[in-house]
Amino acid sequence: MISVSGVCKTYHRSGSAVEALRDVSLEVQAGEFVVVCGPSGCGKTTLLLTVGGLLAPDAGRVLLAGEDPYDLSADDRARFRAANVGFVFQQFYLVGYLTVAENVLCASLAGGDGETTARADELIEQFNLTSRRGHLPSELSTGEKQRTALARAMLNRPRIMFADEPTGNLDEDNGRIVLEALRRFADDGGAVLMVTHERQWAEYGKRTVRLEAGVLKGA
Amino acid sequence: MKLHQILLREIAHRKFNFAMGLLCVAVAVACGVGAMLLLRSFDDETNRVLTKMQAESQVAWDKYKDEMRKDMLELGFNLMILHEDYQLSAPDEQAKTLPESYATKLAAARLSSINHVLPFLQQKFWWPERKRWVTLVGTMGEVYIKNPRWQTPMLQKVEQGRATLGRAIHESLGLKQDDKVQIAGREFTVQKCLGPRGFQEDEAVYIPLRDAQAMLNQPGRITGMLAINCTTCSPETLLRIRDQVRSLLPGTRVIEHSTTLLARANVRSKAAREADAALARETKTRSDLRAGRAAFSAVLIGLVVVVSAVFLGLLTWDNVRRRQLEIGILRAIGVTRRKVLALFLGKAVLIGLAGAVVGYCGGMLAAVFRAVGGGTTAGLLDPTLLGGSVLAAAALSALASWVPAQLAAGIDPAVVLQREGG
């Protein structure tokens with residue numbers, strides 16, 4: 001489902017070059033939950049963005065569901081992401097002026113079909129947000145925010161889920177809820193690639209790899 | 001979720017931004033609409049003033065015409081048309097004559113001011129059989145113009161072979177009607193003996209024009225003609241009549257028999273002419289005033305529109321800046337550039353539409369205040385102007401927001417997410 005081969009990414013800032021990814025190769029099959037562990041600044045987010053079709057690599061190739069997103073135009077790549085990929089971030093990134101239900105539904109701006117409202121209701125119920133559906137993000141707990149973000153990521157029934165430190169701001173209970181949800185997603189045939197610096201969550205993945213200074217180990 | 005829903009929710013969330021944008025558009029539209037409505041109000045006022053002045057002028061002219069009509073009924077108006085070099089003091093044999101065709105030409109021209117044309121040939125003549133000087137006048141009566149009913153001879157019309165004698169002639173020679181007389185070998189029957197008329201006419205012998213032309217050796221020539229009874233012409237035409245005749249009959253001189261009438265016409269038309277002049281002055285003043293106001297409005301509107309557009313652009317740019325993360329995340333989850341563009345341009349169009357309506361009301365208020373000061377409130381709610389304002393404001397608003405909207409659409413989600421993610 002996710003195929004990464006020989007990916008390199010270098011940032012050029014203030015005249016100096018920082019190699020964020022060095023010849024990274026990785027395969028994540030359907031139904032697989034892969035956890036990438038590594039310390040802060042090792043390139044985890046860069047890896048996620050690059051593999052997620054948001055940041056073009058300098059070298060190497062990325063295939064998602066058999067297609068290279070960087071072969072597509074910007075708008076086609078966006079549509080591809082909307083149809084195939086879900087993102088969950090540490091800071092949730094909810095839209096502040098939309099309610100829980102609207103935040104979940106805003107993923108349908110990118111795509112979706114006539115069933116999106118029913119699907120949103122289903123996800124809201126699934127993530128125990130029914131009583132919060134009319135609330136703004138500022139009125140939610142961090143756990144509720146992350147569950148809302150997770151529901152938004154799953155609205156369009158993606159086949160691939162990318163999670164960037166999804167438990168970074170959560171307590172243990174809420175972290176568990178989120179990771180359980182990601183595992184269920186994988187169990188249902190989806191591919192999950194999660195990056196985190198918290199080793200204790202690695203047990204939720206079927207496979208764990210380490211990223212150190214842009215080099216992937218144990219893939 | 002639809003684009004317009006998120007658009008409306010964002011507007012509800014950032015009311016100040018929307019209100020400021022709306023204010024920008026409203027001010028520009030209010031200036032434009034207000035200026036147009038005030039100019040329209042000025043035009044209406046101009047029409048009212050000029051119509052009133054025109055009516056006053058018309059009254060003055062009507063009064064003048066009526067007075068002149070009365071004058072003409074009293075005085076009549078006759079013209080004597082002579083050769084331009086004709087001199088009353090010159091010997092008759094040297095007097096310049098006109099072609100007889102001038103009489104028919106003048107009649108055929110049917111000038112509205114002339115009803116009777118009477119050609120004549122007149123010269124001092126030595127009557128050899130009676131051994132005395134007479135004024136021999138050849139006439140042919142009147143050249144037909146239009147109304148046979150008015151063809152009463154204004155000058156003695158003499159039948160073929162007949163002669164009419166002035167009082168001094170028939171009295172001194174003891175002649176009476178139906179007597180036979182010989183004039184230069186031609187026999188004439190006295191048709192009529194005239195009563196006292198005046199010195200010259202009392203010394204006259206009237207014979208047919210053809211006989212006079214032959215006897216005076218002036219075939220096809222006439223001394224002049226009388227244009228008589230010009231009582232139905234308008235006063236304006238009366239004042240122009242000399243020029244008309246001179247233009248029609250080159251080389252002629254036109255003498256008015258009743259110059260008093262012309263003098264009266266000049267005096268009596270003064271009030272009407274002054275009314276016309278005042279009307280012309282007012283028209284010019286108002287036209288200049290309007291041009292000045294229109295130019296000022298154009299500059300003001302242009303300036304306000306530019307400033308509003310710049311301010312609206314800055315507001316949109318600020319909106320984009322504040323929503324970078326939101327745009328980044330929307331782009332990350334698959335919202336296309338086009339939809340992001342539509343999100344910002346849609347908001348700009350909404351601002352334009354709402355601002356136009358508010359601005360139109362503001363412009364109307366300005367016109368209403370003007371109306372309180374003497375203007376009119378008629379036609380303030382002009383659907384065409386309102387529609388035009390709404391469309392123009394929406395287009396202008398979208399145009400002003402175009403660059404920031406493009407910047408928003410071009411936001412790279414990876415850059416935003418990396419920055420926000422620390």
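In this text, all values refer to a predicted model and were calculated from it rather than measured experimentally. Below, chains carry the letters A, B, ... as their sequence lines are ordered, and counting in each starts from 1.
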Trainee: With a 4.5 Å limit on heavy-atom distance, are the side chains of A/L54 and B/R331 in contact?
Mentor: no
Trainee: Can you tell me which portion of A/V85 sits under 4.5 Å from chain B's heavy atoms? Options are side chain, backbone, both or neither.
Mentor: neither
Trainee: Taking C-beta and beyond as the side chain, do B/I329 and A/R152 meet within less than 4.5 Å on heavy atoms?
Mentor: yes
Trainee: Are more than 12 heavy atoms from other residues, nucleotides or ligands located less than 6.0 Å from atom CD of A/E122?
Mentor: yes
Trainee: Any chance CZ of B/F42 has more than 12 other-residue heavy atoms, nucleotides or ligands included, within less than 6.0 Å?
Mentor: yes
Trainee: For the candidates A/L105, A/T45, A/L155, A/T46, which exhibits the highest count of non-hydrogen atom pairs separated by less than 4.5 Å from chain B?
Mentor: A/L105
Trainee: Let me know if A/Y11 has heavy atoms under 4.5 Å from chain B in its side chain, its backbone, both or neither.
Mentor: side chain
Trainee: Verify, without hydrogens or angle tests, whether B/R337 (side chain) and A/A74 (backbone) share a donor-acceptor contact under 3.5 angstrom.
Mentor: no
Trainee: What's the shortest heavy-atom distance between B/G334 and A/A82, and which atoms?
Mentor: CA-CB, 3.8 Å
Trainee: How long is the gap from CD on B/Q5 to SG on A/C106, to the nearest 0.5 Å?
Mentor: 11.5 Å
Trainee: Would you please say whether a donor-acceptor pair under 3.5 Å links the side chains of A/Y97 and B/E326?
Mentor: yes
Trainee: Without swapping roles, check the side chain of B/T336 against the backbone of A/D75 for a donor-acceptor pair under 3.5 Å.
Mentor: no
Trainee: Could you tell me which portion of A/L136 (side chain, backbone, both or neither) has an atom closer than 4.5 angstrom to a non-hydrogen atom of chain B?
Mentor: side chain
Trainee: Counting only heavy atoms closer than 4.5 Å, note whether A/T50 contacts chain B via side chain, backbone, both or neither.
Mentor: neither
Trainee: Kindly give the heavy-atom pair with the smallest separation between B/M1 and A/L109, and that separation in Å.
Mentor: O-CD2, 3.8 Å
Trainee: Between chain A and each of B/K2, B/H13, B/R323, B/R338, count heavy-atom pairs under 4.5 Å; write down the option with the most.
Mentor: B/H13
Trainee: What part of A/F89 gets closer than 4.5 Å to chain B, counting heavy atoms only: side chain, backbone, both or neither?
Mentor: side chain
Trainee: Go through the atoms of B/L325 and report whether side chain, backbone, both or neither lie under 4.5 Å from a heavy atom of chain A.
Mentor: side chain
Trainee: So for B/R14, is it side chain, backbone, both, or neither that comes closer than 4.5 Å to the heavy atoms of chain A?
Mentor: side chain
Trainee: Can you tell which part of A/L49 gets under 4.5 Å to a heavy atom of chain B, answering side chain, backbone, both or neither?
Mentor: side chain
